[in-house]
Structure formats: C-alpha cells, structure tokens
Amino acid sequence: MSDRALRLDPAACLELLKPITWFAPMWAFSCGVVSSGAGGAGRWHVIAAGLLLTGPLVCGTSQAVNDWFDRHVDAINEPGRPIPSGRIPGRWGLCIAILWTLVSLAVATVLGPWGFAATVLGLVLAWAYSAPPLRLKANGWWGNAACGACYEGLPWITGAAVLGAAAPDGRVLAIAALYSIGAHGIMTLNDFKSVEGDARMGIGSLPVKLGVERAAQLACVVMAAPQVVVVALLVSWGSAWQAGAIGLLLAAQLWLMQRLLADPRGRAPWYNGTGTTLYVLGMLFAAFALRPVLP
C-alpha cells in the first residue's frame, strides 16, 4: 500500500462527510425535542448524543456511502470530490462509510431502545439509498422519499421519542410526516446540479425523468402543500398564532418560488438558501405549537 493511501488527508475526510448537510437532521431532531414537551434537565447528555448521531454520524455516514457508490457519477458531475479526485484513494471511502456506521451504532446505545431503533432504521435507509441492490436513488420518487424521511421525519420522531421515553403522540407523528413529504421537493431541487451525470449513468432523478421545468413545478407543489395542511391542523388544535406564522413563511416561499421557476437550474442553490430556510423555520413554530396541545 502506498504512503499516500496510508496517510489520509483529514480535510478530505471531513469533506467526504459533507458537514453542510448535517444541519437539516440536527434541526429536525431539535424540533422533536421541543415538540416532546419534556424538559432537558438531567438529560442534556442524551440531547447531545442525539445531535451527534443525527448530524455528524448518521448523516455523515449517508454522505460517505453516497460518495463511494456515486464515485463514477461524481467523476462527471463533481470531479473535485474527495474520491474521484484521488484525495481519498483506493477503498478508503468504503472503509470510512463502514467505520462511521459502526460508530453510529455504538453511540446510539446511549439513546435507549427508541433511539437505537431509529438509528438502525436511518442507517438502513442510508445504505439502501446509495448501495446496490436497492439503490433507491436510481428512482427519484423512492430516493427522495427516503431522503425526506431521514432528513426530517425520522430525526424529529427520534427527538420526541427519546425525550418522552415513549412513542410520540399522533399529532407529532402527523407533523413530522408532513414535513418529510415536503422535504421530497427539497431533494428534487438538489438533483438539478447533477442532471447530465445522472442521465449518462442511468440514475432516474426527477429532473431526468420529468425534465427540469416540470420537476421544479412538482417540487414547489410538494414543498408547499404539506405546509398548508400543517397550518390547517394547527388551527384545528388551537394554535392559531403559530399557524399564522407558518402561513406567512409559506407566503414568502410562494413568492420566492416564482423566481425559482423562472430559472430552476440556475436558482435552485439560491432557493435552498432562502426558501428552504423559511421552510425549516416553520418546523420550529410547529414544534412549539405541539407543546401545549399534547396531553
């Protein structure tokens, strides 16, 4: 084995784990903690372990797995990524993915049976998304659904279950599921950057299947519709001001979507920094709204 293979670049390893992607599941886990209505006193170590798991560990694992099994696609779309560029040589990308999976399982034992079970499910979906034989990402419908669940719904439910030490209330499950559905649209926007490589390598992302314009229109509907349902549910549960705040955030997103649809590929990164920020802010309003309505 060459000296280069033995001496991995720490910066390349960190880039492989894509820290920028950790925010979404960590935020969703925090929303779950808030929605549980349970105090954090005496359980800060559990919250810290949950944040570590949902972000750097499980999400980081999913990124390493994806980069390894997508190395040929990335050679077309993003040749500067650590594996296709050679900065992570040989089979080290796969080794890191396996190691991070094992570390995730070890840390998950701190969270009790609910947290451990959620971690196992998240890791199974992470591998199923990228690795054969399932390779869910080869079909944009299934792949985006798996990502939406892992980034939003599963961490939210995990946070609520771990802090509540029980299965979450049905209202928590409903709100988490709705935001997972909306995240399907966010994942579609993320696929715009890799249309050429996906098409050449046979990956059926929605921009490849439907075309960029139709995929963008679908993404906007999928992002907006669940939020309308969230607003309606919160009103029916007596959380009118939180529903109003989410409604205002949605109105701002609809205005931003008009600009997005004028140039979907060019403005998808811009929308992810603006409209998606408003989307996740609405999640926090919903989490606080659940606290007083839960028994």
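As the structure is a prediction and not an experimental result, all values here were calculated from the model.
- Distance CG/Leu249 to CG/Leu254: 11.0 Å, rounded to 0.5 Å.
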Evaluate the criterion side chain to side chain contact (heavy atoms under 4.5 Å, CB included) for residue pair Val222 and Asn144; output intermediate values, then yes/no. CA-CA 11 Å; Val222 171; Asn144 289 358; over 6 Å; no

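- Of the possible donor and acceptor atoms, none in the side chain of Arg291 sits under 3.5 Å from a partner among the backbone N and O of Ser35.
- Hydrophobic clustering, with ILVMFWY side chains joined whenever heavy atoms are under 4.5 angstrom apart, keeps Ile157 apart from Leu53.
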Might you work through the side chain to side chain contact (heavy atoms under 4.5 Å, CB included) test for Thr274 and Arg267, ending with a clear yes or no? CA-CA 10 Å; Thr274 54; Arg267 290 180 178 161; over 6 Å; no

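- By the 4.5 Å heavy-atom criterion applied to side chains, Asp67 and Asp74 are counted as neighbours.
- Rounding to the nearest 0.5 Å gives a distance of 9.0 Å between CG of Leu17 and CG of Leu57.
- Side chains of Arg87 and Arg81 form no contact here, defined as non-hydrogen atoms less than 4.5 Å apart.
- Classification of Lys209 and Asp198 as a salt-bridged pair fails, no side-chain N sitting under 4.0 Å from a carboxylate O.
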Pair Arg259, Trp270 - check side chain to side chain contact (heavy atoms under 4.5 Å, CB included), show working. CA-CA 10 Å; Arg259 295 198 62 197; Trp270 164 81; 3.7 Å; yes

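- Between Val230 and Ala286, the shortest heavy-atom distance links the atoms CG1-CB, 4.4 Å.
- Considering only heavy atoms from C-beta on, Val73 stays 4.5 Å or farther from Ser194 through its side chain.
- Between Gln63 and Tyr151, the shortest heavy-atom contact is NE2-OH, 2.7 Å.
- Annotation for Pro25 and Cys150: closest pair CB-O, 4.2 Å, computed over non-hydrogen atoms.
- Following chains of ILVMFWY side-chain contacts shorter than 4.5 Å, one can reach Val231 starting from Leu281, so the two form part of one hydrophobic cluster.
- Rounded to the nearest 0.5 Å, atoms OH (Tyr271) and CG (Asn190) are 14.0 Å apart.
- Counting heavy atoms from C-beta on, the side chains of Val229 and Ile181 never come closer than 4.5 Å.
- The hydrophobic cluster containing Trp114 does not contain Leu105, counting ILVMFWY residues as joined when their side-chain heavy atoms lie under 4.5 angstrom apart, directly or transitively.
- The heavy-atom pair separating Val58 from Gly122 by the smallest distance is CG1-C, 4.3 Å.
- The side-chain hydrogen bond (donor to acceptor under 3.5 Å, both in side chains) search around Trp127 returns Thr101, not counting sequence neighbours.
- Minimum interatomic distance between Ala97 and Val65 (heavy atoms only, all atoms of both residues): CB-CG2, 3.7 Å.
- Rounded to the nearest 0.5 Å, atoms CD (Gln253) and CE (Met257) are 5.5 Å apart.
- When side chains are defined from C-beta on, Phe116 counts as touching Thr109, because their heavy atoms get closer than 4.5 Å.
- Here the closest non-hydrogen pair linking Ala118 and Thr158 is CB-OG1, 3.1 Å.
- Residues Met283 and Ile175 form no side-chain contact, since every pair of their non-hydrogen atoms from C-beta on lies 4.5 Å or further apart.
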Val208 and Ile203: side chain to side chain contact (heavy atoms under 4.5 Å, CB included), yes or no, with the steps? CA-CA 8 Å; Val208 171; Ile203 296 177; over 6 Å; no

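- Clustering ILVMFWY residues whenever any of their side-chain heavy atoms sit less than 4.5 angstrom apart, transitively, puts Leu248 in a cluster other than the one holding Leu284.
- Going from atom CZ of Arg200 over to atom CG of Asn77 covers 9.0 Å, rounded to the nearest 0.5 Å.
- Between Ser30 and Leu51 the shortest side-chain heavy-atom distance falls below 4.5 Å.
- Side-chain atoms of Thr188 and Leu218, non-hydrogen and from C-beta on, never get closer than 4.5 Å to each other.
- Side-chain contact annotation: Lys18 with Asn66, donor-acceptor N/O pair under 3.5 Å absent.
- Hydrophobic clustering, with ILVMFWY side chains joined whenever heavy atoms are under 4.5 angstrom apart, groups Met223 together with Trp27.
- Ring geometry, Tyr179 versus Tyr279: the interplanar angle exceeds 60°, so the pair is classed perpendicular (tilted spans 30 to 60°).
- Asn272 contributes atom CG, which lies 9.5 Å from atom CZ of Phe192 (distance to the nearest 0.5 angstrom).
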